S.K.: 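Following this message is one structure expressed as structure tokens.
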Amino acid sequence: MTTAKEYIQASFEAIKARNPHETEFLQAVEELFNTLEPVFEAHPEYITENILARIVEPERVISFRVPWTDKDGKVQVNRGSRVQFNSAVGPYKGGLRFHPTVNQSILKFLGFEQIFKNVLTGLPIGGGKGGSDFDPKGKTDAEVMRFCQSFMTELQKYIGPSLDVPAGDIGVGGREIGYMFGQYKRLRQFDAGVLTGKPLGFGGSLIRPEATGYGLVYFANEILKANDKSFQDQTVLISGSGNVAQFAVQKATELGAKVISVSDSNGYVIDETGIDFDLLVDVKEKRRARLTEYAAEKETAQYFEGSVWNYQGHVDIALPCATQNEIDGEKAERLVKNGAYLVAEGANMPSNLDAINVYKANDVLYGLAKAANAGGVAVSALEMSQNSQRLSWTSEEVDSRLKDIMANIFATAKETAEKYDLGKDYLAGANIAAFEKIAGAMIAQGLV
Ligand code: NDP
């Protein structure tokens, strides 16, 4: 009889052979599979059902041309895509990313992680992801609008409030969601529930912009509480300076931490007196400027080129909020050497497999992305509920539900790790709990 270990290994080899160039996707699959042996030992039916081969294959991948004209009247063409990965527990749900690095491997890794993240929220949403290799950076509002209209002209054929509900991600914020919503409405009808992350005036939810950053800090706080610690007076390193990073800065500071950094793809700012949230938002959101401008205006801040994870000073807590694979084994070793005892991920897959091994070997408390950054999609699902009820909840109500959801996700990860004798391995706990729910729903629905 095939053992759990043999089945998982053979499945992974087959997935590698079938998707040889999709490195990010294979990495996300490997990270999950590395934690699944105990669950396959407990559920031999997963092997007979060949659940791994089924779960790694998207239900549908849509790819389309996005033509638009730039400010000089020149014709430009980008590629648009949507990966509708898994609808076992609800309509596909996941963001759209506009960034020049977007390709099928990136969208499949993000869509794959989204399946498990979404089920951890306890809300009825399946997993999907989409986007384009379009770069909104440096474009005029009119260029961004023309691109978004062209993108939605095609995407609208494949989405809907009970089918697939996209939201934002890197390069897609309120402005882009607004333009896409406008075009959807023009081609179909006013259907608030077709996109989330909408501006407040037409169906957006209070606390949705803050949700991923706040949720991350709530989740990290749960880990701290369970280990008799708190954010008070802790030195926190944050990467990124976009949506997630900004609200992580704000909430961690509110809980008494000293957040000393933010970063972008060129460099990072260190401010030993604490990052100034208002100035950060002014520079990034209102002026759409770079962090060099923040450093020029704040006397105590210094700007450095390169990765923030090269920082050499003392750190207690690291909150990566920029992008995938920003922390490798070497950077993880540096964090450990500089004192970090907790890493919680706002970005998706910011730590590579070597980095995760370093955390494990050094007993660093680890809040994996699938669990720690689920606050964004959770509040998106709450936005869908408000849209179907045609009601808007108060900030306090949404924030309190977000807090409860993050606390529940942590409790699930912790209890599942304990149930399987895995100590404080929250990564394995969250992966296993999410996997059991998805596998159970897929098997109950038969071969579809
Ligand atoms: P934004 O576009 O608002 O900000 C992205 C930030 O990351 C910017 O500071 C950007 O710098 C930096 N960044 C992007 N690419 C790179 C790179 N290759 N190297 C270094 N820095 C980079 O995106 P979000 O804040 O929304 O997303 C950040 C992360 O959080 C992503 O991993 C996303 O998938 C994840 N996430 C987001 C959610 C949301 O609700 N928005 C929900 C869950 C996860 P620059 O301006 O120089 O590009």
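Counting starts at 1 for both ligands and their atoms, in listed order. Just the heavy atoms: all of them, side chains too, but no hydrogens, waters or symmetry mates, feed the values below. Computed from a predicted model, the values in this text were never measured in an experiment.
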S.K.: Any side-chain hydrogen bond (donor to acceptor under 3.5 Å, both in side chains) involving residues 201-214? Give me the pairs, sequence neighbours left out, ordered by first then second residue.
M.R.: S205-Q386, R208-S380, Y214-Q250

S.K.: Given a heavy-atom cut-off of 4.0 Å, could you list the residues near ligand 1 in chain and number order?
M.R.: R97, H99, K137, D169, I170, G171, R208, T212, G240, S241, G242, N243, V244, S263, D264, S265, K284, R290, C321, A322, T323, G346, A347, N348, N373

S.K.: So, are E222 and K225 salt-bridged, with charged N and O less than 4.0 Å apart?
M.R.: yes

S.K.: Can you confirm if the aromatic rings of Y366 and Y426 lie within a centre distance of less than 6.0 Å?
M.R.: no

S.K.: Side-chain donor-acceptor pair under 3.5 Å between H314 and D316, yes or no?
M.R.: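 Yes, D316 and H314 have a side-chain donor paired with an acceptor closer than 3.5 Å.
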
S.K.: Ring centres of W68 and F134 under 6.0 Å apart?
M.R.: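 Between F134 and W68, which both carry aromatic rings, the centre distance is below 6.0 Å.
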
S.K.: Quick check on the 6.0 Å ring-centre criterion: do F247 and F277 meet it?
M.R.: yes

